[in-house]
Amino acid sequence: MRAFKILFACLFFIVLSQSCTKEINPEASFKGFEAPLNFPLVHYNFTINPVNKAGFDLGKKLFYDGILSRDGSISCGSCHQQAAAFAHFDHTISHGIDDKIGNRNAPVIQNTAWQQYFAWDGGIFHLDDFPINPITNPVEMDEKMPQVLSKLNANSTYRTMFKKAFNNDSVDYASLTMALSQFMNMLVSNQSRYDEYLAGNVSALSENEKVGLNLFMNKCNSCHTAPLFTDNKFHNTGLATSSDLGRATVTVQDSDLYKFKTPSLRNVEKSYPYTHNGRSATLEAVLKHYASEINPGTTVDSRLVGGLGLTALEQQQIVAFLKTLTDTRFLTDTRFSE
Amino acid sequence: MKQLKNKLLLLLFTAVFFAHCKPESPAIPATQTSTIAISFNHFIADSLLVLNTKNYSNSIEQNFTVDKFNYFISNIILEKTDGTNYIVPQDSCYFLIKSSNKASQNISIKNIPVGNYRKMSFMIGVDSARSCMPASARTGALDVGAAAADMYWTWNTGYIFLKLQCMPIIPKGGDSSAVIPYVYHIGGYGGLNNPTLNNIRLVNLNLGENLNLIANSATAKINIKADALKVIEGSTQVNLNSTPTVMLTPFSANIANNYQNMFSIINIIN
């Protein structure tokens, strides 16, 4: 019997030691990614890259760090500012390294988990693969990816953070991208006055704004589809064309000429100027374009041909509604701040 | 005696408790296999390709030097004389071959079943399934943070399948400031949700029933010729001066059609 007692004692200690190697989770207060209940299914594959505190903290540090650029001067945050819903406040085209400029307007970064394509022409179809684009663009951050990884690997703080987030001994491309995606995917905007109205607070919108909402649903929603306010598709909205071929740049299909991705209109009040190259300074200018300034073209969306015929009052009411999509909590949430 | 019996019982229980249950080895003998070395030898027509310093001409008498010649090969299949195939596994069938890196031009394929082989097939480029996988599944030769850093379109997520970069030869006393490099970056796997350019090309090389692979061969080798001139000539003659740059445009399909024929077998060593 004594042998059995010794055996059971051994087993007991083995079992106990197994449960003692599990730490009590110190990050229990970090809730991770939470999808609003009224949003459609996410597109991002969270099984491969779920959001956890270590990855989020690392992604945020990287987002605001000029180390990703050739000379350390440009970070993602340089052109993606929280107060502008992570667009570039009051910039048509952003200035990157050495004050160089490109040809496209810095878009907002919000609700990325629901997006299927990234960049105005949708050239990138996975959020993880987006950052390498500005990082290596000679007019943005002008750095080479192996060099970025080399710098991060030489930085003991980053090595520790990467080890904690991904349990890898050195920083590689996949984990760099996953960290940035964890930060970006947390940028969920769904608490505007419009959302309050949707949730049942009838006084969240003024009467004028409610009229605007109705007009919007009739005239704009087929592309700027609520609640994300984008259909994630590409359209030619009848803007005067330039050498920027839009979607056709990546698909090499004539049917895609001059088509650009429908931007989400959430926080649109804060993300001026508008269109893929920032040519429209105000919402009023945009509405005027949709009302009566649609240019002809073979790929112009049939719903826009001839203009939407909105009166000046209707345009003003739609603008009033669009301003209710401003989510102040999102724009000031210190979890996302530099 | 009772103490000894208890100790023996304890020993017995401990032994039983800690014994690992290993699965038994299968009774059937494992297939015999071997490694094959494959060497990609780079030429311009019948001259060995030497980067930067050597002068070459195309068929329309345009003279140039070559400063870059890189390409992906992948999805290798070896076909036996009895018609059965050995498909190189996904985790080891992607290679980035570069003229600037002699080591990259010599690859080895392991675990090939012994037998007589008559054909080798492969893809020039990266297949669409792999192209659309997350970065964690695109490692080794496909790692855009390392090996594949300069063979990747960041603005249109996908690999550059083949890069040929040349410089025109400036006559003595000529103006070098007006030099336009000849840059050919060919990619396009066909698109994810909507069809786009598909410049993936398949190559079939007839081994002429000459590869007789024996177990654990230390010498089995296939020497392949890759004629870089066939990137810019073939079914379409590229005029270097009038078409100095080709990237993702419909014309790129012509170049892919050209280089589909750039490989040939030099010899096979058993």
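Below, each value reflects all heavy atoms present in this structure, side chains not excepted, and no hydrogens, waters or symmetry copies. In this text the structure is predicted, and so the values were computed from the model without any measurement. Every chain is numbered from 1, with letters handed out A, B, ... down the list of sequences.
Other residues, nucleotides and ligands contribute over 12 non-hydrogen atoms within 6.0 Å of the CG atom of B/N52. Heavy-atom contacts from other residues, nucleotides or ligands closer than 6.0 Å to CD1 of B/I180 number 12 or fewer. Within a 6.0 Å sphere centred on NZ of A/K151, other residues, nucleotides and ligands contribute more than 12 heavy atoms. Heavy atoms from other residues, nucleotides or ligands lying under 6.0 Å from CD1 of B/I169 number more than 12. Counting non-hydrogen atoms of neighbouring residues, nucleotides and ligands closer than 6.0 angstrom, the NZ atom of A/K163 exceeds 12 such neighbours.
If you measure heavy-atom distances from A/Q116 to chain B, the contacts under 4.5 Å come from the side chain alone. Heavy atoms closer than 4.5 Å to chain B are found nowhere in A/F130, neither backbone nor side chain. For a residue to count as touching a neighbouring chain, one of its non-hydrogen atoms must lie under 4.5 Å from one of that chain's; by this rule A/I48 touches chain B with the side chain only.
Remark: B/N156 CG to A/D121 CG distance equals 7.5 Å, nearest 0.5 Å. Note that CG of B/L248 is 8.5 Å distant from OG1 of A/T251, once rounded to the nearest 0.5 Å.
No side-chain heavy atom of A/N45 sits under 4.5 Å from any side-chain heavy atom of B/P134. Looking at heavy atoms from C-beta onward, A/H126 lies out of side-chain contact with B/L192 at the 4.5 angstrom threshold. Side-chain contact between B/N193 and A/F125 is absent, with no heavy-atom pair separated by less than 4.5 Å.
Side chain of A/Q253 to main chain of B/N194: no donor-acceptor pair is present (N/O by atom type, distance under 3.5 Å, no hydrogens or angles).
Between chain B and the residues A/I124, A/N137, A/N49, A/V250, the most heavy-atom pairs under 4.5 angstrom are made by A/V250. Ranking B/D143, B/T157, B/T139, B/V144 against chain A, the residue ahead of the rest is B/T157, based on heavy-atom pairs under 4.5 Å. In terms of heavy-atom pairs under 4.5 Å with chain A, the best-connected choice from B/A146, B/G145, B/S136, B/A149 is B/G145. When the candidates A/P131, A/G123, A/G122, A/S150 are compared by the number of heavy-atom contacts under 4.5 Å with chain B, A/G123 comes out ahead.
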Step by step, would you call A/D129 with B/Y152 a side chain to side chain contact (heavy atoms under 4.5 Å, CB included)?
CA-CA 11 Å; A/D129 286 311; B/Y152 183 74; 3.5 Å; yes
